[in-house]
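Here the structure comes first, spelled out in structure tokens, and everything after it is commentary.
Each residue takes its place number in the sequence, starting with 1.
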Amino acid sequence: MSDAVTPRSSTPSLPRTITITSNEDESKTADLVGGLISIAYFESLMSDTLRATITFTDTGVNNSNNIKESILEGLPIVGQERVVLKFEDNNKVTIGDKPELVMYVNKVTPISDDTRKTQIQLDLVSAEFIRNEKARITKRYDGKISDHVKQLLTEGNCIGLKTKKDVSDIDETLNNYNYIGNNKKPFYIINWLSRKSISAQNQKKGKSAR
């Protein structure tokens with residue numbers, strides 16, 4: 001028997017701040033909450049990174065630095081701008097406070113446009129998503145799979161994701177696996193390695209860590 005949906009759980013989230021910063025000038029910012037139409041935030045075990053979609057009305061008046069043009073043109077928004085989000089979900093849980101939720105613009109889509117206002121949709125992703133698109137793994141790795149994964153997540157210089165997130169809770173693996181990156185992307189290799197890993201918590205070889 002399915003659980004009944006309470007009025008509280010069916011209500012939308014309450015945004016507090018959605019601040020976007022210009023790539024060209026970090027002193028130029030705009031808070032999108034004043035023109036916000038909708039926000040959708042996604043966390044999933046089936047996805048490599050966090051995702052969010054924001055739709056807002058760009059009237060050019062909800063910015064914090066006296067940008068006379070629209071935010072799209074005045075900031076401008078072209079892609080990879082830093083966006084800091086803070087909102088409260090329908091269970092009164094605050095997201096984006098501690099730790100701070102920082103995402104980046106992956107795609108900008110104007111939905112409608114007239115002489116007074118423009119509706120804009122922003123596809124937001126984590127920093128690791130963007131770095132994954134730029135990085136290619138070419139070096140050879142030897143040793144435990146769990147060590148390989150930590151290196152792929154933390155290394156920079158276009159050979160890893162240079163994440164600032166804590167990777168200390170990654171389960172140690174029992175088996176070693178040696179391989180060459182073959183110019184693949186980090187997330188591709190991490191997902192590929194997960195199917196070959198055996199958890200050190202389970203000493204019976206043959207059972208994967210999935």
Spacing of Lys28 atom NZ and Glu81 atom CD [to the nearest 0.5 Å]: 11.0 Å
Enter the distance from Leu124:CG to Ile18:CD1 here, rounded to the nearest 0.5 Å. 8.5 Å
Going by heavy atoms in the side chains, are Leu85 and Thr17 under 4.5 Å from each other? no
Reference residue Thr19; test side-chain contact (heavy atoms from CB on, under 4.5 Å); the match among Val102, Thr29, Leu32: Thr29
Given 3.5 Å as the limit, does a donor-acceptor pair link the side chain of Asn157 with the main chain of Ile159, or not? no
Could you tell me whether the side chain of Glu26 and the main chain of Asn23 form a donor-acceptor pair under 3.5 Å? no
Does Asp97 come within less than 4.0 Å of Arg16, counting only side-chain N to carboxylate O? no
Is the NZ or CZ atom of Lys185 both under 6.0 Å from the centre of the six-membered ring of Tyr188 and within 45° of that ring's axis? no
Sidechain N-carboxylate O distance under 4.0 Å for Glu172, Lys144: yes
For Asp171 and Ser146, work out which heavy atoms get closest and say how close. O-CB, 3.4 Å
Assert yes or no for the condition that the ring centre distance of Tyr177 to Trp192 is strictly below 6.0 Å. yes
Minimum side-chain heavy-atom gap Val149-Ile170 below 4.5 Å: yes
Ala135 and Gly160: which non-hydrogen atoms are nearest, and at how many Å? CB-O, 4.0 Å
Between Ile54 and Tyr104, is there shared hydrophobic-cluster membership here, with clusters defined by ILVMFWY side-chain heavy atoms closer than 4.5 Å? no
Could you measure the distance from the OG atom of Ser22 to the CD1 atom of Ile77? Nearest 0.5 Å is fine. 9.5 Å
Would the distance check show the side chain of Asp123 and the main-chain N or O of Val105 forming a donor-acceptor pair, the cut-off being under 3.5 Å? no
Keeping the roles fixed (side chain from Asp31, backbone from Val33), state whether a donor-acceptor pair exists under 3.5 Å. yes
Should the pair Glu88-Lys92 be classified as a salt bridge under the 4.0 Å nitrogen-to-oxygen rule? yes
With side chains defined as the heavy atoms from C-beta onward, is the minimum distance between Thr94 and Phe87 less than 4.5 Å? no
Could you tell me if the side chain of Val167 sits less than 4.5 Å from the side chain of Thr154, heavy atoms only? yes
Side chains of Lys196 and Ile145 in contact at under 4.5 Å (non-hydrogen atoms): yes
Hey, does the side chain of Asn132 reach the backbone of Leu161 with a donor-acceptor pair shorter than 3.5 angstrom? no
Interatomic spacing from CG in Asn175 to OG in Ser197 - rounded to 0.5 Å: 6.5 Å
What class does the angle between the rings of Tyr179 and Tyr141 fall in, given that below 30° is parallel, 30 to 60° is tilted and above 60° is perpendicular? parallel
As an exercise, state the distance from CG of Asp166 to CG of Leu153, rounded to the nearest 0.5 Å. 11.0 Å
Write out all pairs satisfying salt bridge (charged side-chain N to carboxylate O under 4.0 Å, His left out) with one or both partners inside residues 98-108, taking only residues at least two apart or from two chains. Arg82-Glu100
Could you state whether Val84 and Met103 fall into the same hydrophobic cluster, counting links through intermediate Ile, Leu, Val, Met, Phe, Trp or Tyr residues with side-chain heavy atoms under 4.5 angstrom apart? no
Using atom types as modelled and distance alone, determine if a side-chain donor or acceptor of Asp58 lies under 3.5 Å from a backbone N or O of Ser70. no
Return a table of donor-acceptor pairs under 3.5 angstrom between the side chains of residues 42-49 and protein atoms on other chains or two or more places apart.
residue	atom	partner	partner atom	Å
Glu43	OE2	Tyr41	OH	2.6
Ser44	OG	Met46	N	3.0
Ser47	OG	Thr49	O	2.9
Asp48	OD1	Asn191	ND2	3.2

Is there a donor-acceptor pair closer than 3.5 Å between any side-chain N or O of Glu128 and the backbone N or O of Ser126? no
Quick one: are Ile111 and Ile120 in side-chain contact, heavy atoms under 4.5 Å? no
Measure the CG-OG1 distance between Asp147 and Thr173 for me, rounded to the nearest 0.5 Å. 7.0 Å
In terms of side-chain geometry, is the basic nitrogen of Arg131 or Glu155 positioned less than 4.0 Å from the acidic oxygen of its partner? no
Just so I know, are the side chains of Ile137 and Leu152 near enough to count as touching, which here means a heavy-atom distance under 4.5 Å? yes
Side chain to side chain, Phe129 and Leu50, heavy atoms closer than 4.5 Å: no
